[in-house]
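In what follows, a single structure is set out as structure tokens and then discussed.
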Amino acid sequence: QAKERAHQKRSNKKAPPMDWSKRSEVFSNL
Amino acid sequence: VNVRVTTMDAELEFAIQSVTTGKQLFEQVVKTVGLREVWYFGLQYVDNKGYLTWLKLEKKVLSQDVRRETPLQFMFRAKYFPEDVDNELIQDITRKLFFLQVKDEILSDNVYCPPETAVLLASYSVQAKYGDHTKEVHKSGYLTSERLLPQRVLEQHKLSKDQWEDRIQVWHEEHSGMLKEDAMLEYLKIAQDLEMYGVNYFDIKNKKGTELWLGVDALGLNIYEKDDKLTPKIGFPWSEIRNISFNDKKFVIKPIDKKAPDFVFYAPRLRINKRILLLCMGNHELYMQRRKPDTIEVQQMKAQARE
């Protein structure tokens with residue numbers, strides 16, 4: 001169970017999916 | 001000129017000449033330790049300004065700005081990380097070097113690790129060092145002098161050494177029957193899921209001057225807010241990137257999709273920009289190579305490992 005909880009963190013390493021235009025928009029608003 | 005190279009578990013000394021290249025020194029090191037998966041590794045040194053720098057393999061060692069001391073000091077370290085340790089790492093020596101380096105990064109709080117995972121990792125590192133737990137050999141207090149948990153975890157949870165040992169021992173006992181080499185691999189399989197594992201962070205800014213982090217890793221580029229290195233806000237897989245370049249402090253990422261707009265960010269430290277680019281190139285190259293069939297050399301290594 002502890003291993004499984006640790007493994008679930010892997011999905012945190014990925015940013016939300018978005019296209020290139022959205023990436024620039026989000027970036028300029030940070 | 002005398003040179004000392006420290007790996008994660010060894011200290012090697014060589015004598016080099018004025019014509020010795022970084023590649024020649026690197027080859028002596030990997031030959032000595034028996035490492036064949038050389039593409040992950042490099043030699044680091046402290047330059048005359050005090051900055052940690054990767055040795056250029058194509059240039060002569062002594063023409064690079066290594067801090068003058070006797071002997072000259074280098075560290076043999078992993079520069080690139082596999083996407084999945086279980087599928088990619090072939091030799092025991094490779095797994096061991098990664099295990100020792102990653103463990104050190106976690107224990108030094110360079111890679112954030114929550115308490116439960118820290119105890120789990122500690123139990124595997126104990127199995128990797130001691131093998132199976134036996135009551136007669138591993139008496140109470142057997143972990144007292146071991147460096148097992150990140151400093152942050154020790155400070156945030158005020159348990160005594162005995163209490164930490166009790167928790168780690170429970171899982172150490174559960175690993176009974178696991179080979180030391182397998183315990184190192186299990187450690188890495190857990191550690192590689194940590195958010196900061198394998199990420200190189202750099203200071204960047206957007207157009208309005210907001211300070212952010214750029215993360216460069218095996219899968220691509222990510223952008224993080226300054227107060228949170230764990231949660232990427234924007235991500236660019238290597239498969240979507242056609243080209244990266246910089247001019248002065250301005251970086252441009254060109255997408256493979258030619259209809260998509262270029263992405264621009266600003267890296268304020270010129271000295272660092274070459275390093276960012278080299279890391280991007282190296283990670284991208286490994287990403288692409290992984291998706292091609294194994295070379296003959298890799299096939300041979302895998303066959304030998306199976307034997």
Counting only heavy atoms not in [X] (residues, nucleotides, ligands), do more than 12 fall under 6.0 Å from its [atom1]?
{"X": "Lys208(B)", "atom1": "NZ", "result": "yes"}
{"X": "Lys207(B)", "atom1": "NZ", "result": "no"}
{"X": "Lys79(B)", "atom1": "NZ", "result": "yes"}
{"X": "Gln163(B)", "atom1": "CD", "result": "yes"}
{"X": "Asn29(A)", "atom1": "CG", "result": "yes"}

Give me the one residue out of Lys13(A), Lys3(A), Arg10(A) that meets salt bridge (charged side-chain N to carboxylate O under 4.0 Å, His left out) with Asp193(B). Arg10(A)

Contact origin within Lys14(A) toward chain B - heavy atom pairs under 4.5 Å: backbone

Could you tell me which portion of Ser24(A) (side chain, backbone, both or neither) has an atom closer than 4.5 angstrom to a non-hydrogen atom of chain B? both

Considering only heavy atoms, which portion of [X] lies under 4.5 Å from any heavy atom of chain A: side chain, backbone, both, or neither?
{"X": "Val264(B)", "result": "backbone"}
{"X": "Tyr224(B)", "result": "neither"}
{"X": "Leu221(B)", "result": "neither"}
{"X": "Leu120(B)", "result": "side chain"}
{"X": "Glu186(B)", "result": "side chain"}
{"X": "Glu116(B)", "result": "side chain"}

How long is the straight-line distance from [atom2] of [Y] back to [atom1] of [X], given to the nearest 0.5 Å?
{"X": "Asn12(A)", "Y": "Leu230(B)", "atom1": "CG", "atom2": "CG", "result": "8.0 Å"}
{"X": "Gln192(B)", "Y": "Lys9(A)", "atom1": "CD", "atom2": "NZ", "result": "14.5 Å"}
{"X": "Lys205(B)", "Y": "Phe27(A)", "atom1": "NZ", "atom2": "CZ", "result": "11.5 Å"}

Relative to chain A, which of Asp257(B), Leu121(B), Leu194(B) shows the most heavy atom pairs under 4.5 Å? Leu194(B)

Any heavy-atom pair between the side chains of Lys259(B) and Trp20(A) that's under 4.5 Å? no

Checking Arg23(A) against Phe263(B): charged group under 6.0 Å from the ring centre and within 45 degrees of the axis? no

Between [X] and [Y], what is the shortest heavy-atom contact and its length?
{"X": "Ala2(A)", "Y": "Trp171(B)", "answer": "CB-CH2, 3.7 Å"}
{"X": "Ala15(A)", "Y": "Gly235(B)", "answer": "CB-N, 3.3 Å"}
{"X": "Pro16(A)", "Y": "Pro232(B)", "answer": "CD-O, 3.7 Å"}

Among Arg5(A), Gln8(A), Lys22(A), Met18(A), single out the residue with the greatest number of heavy-atom pairs under 4.5 Å to chain B. Arg5(A)

Tell me if a side-chain donor or acceptor on Thr210(B) pairs with a main-chain N or O of Leu30(A) at a distance below 3.5 Å. yes

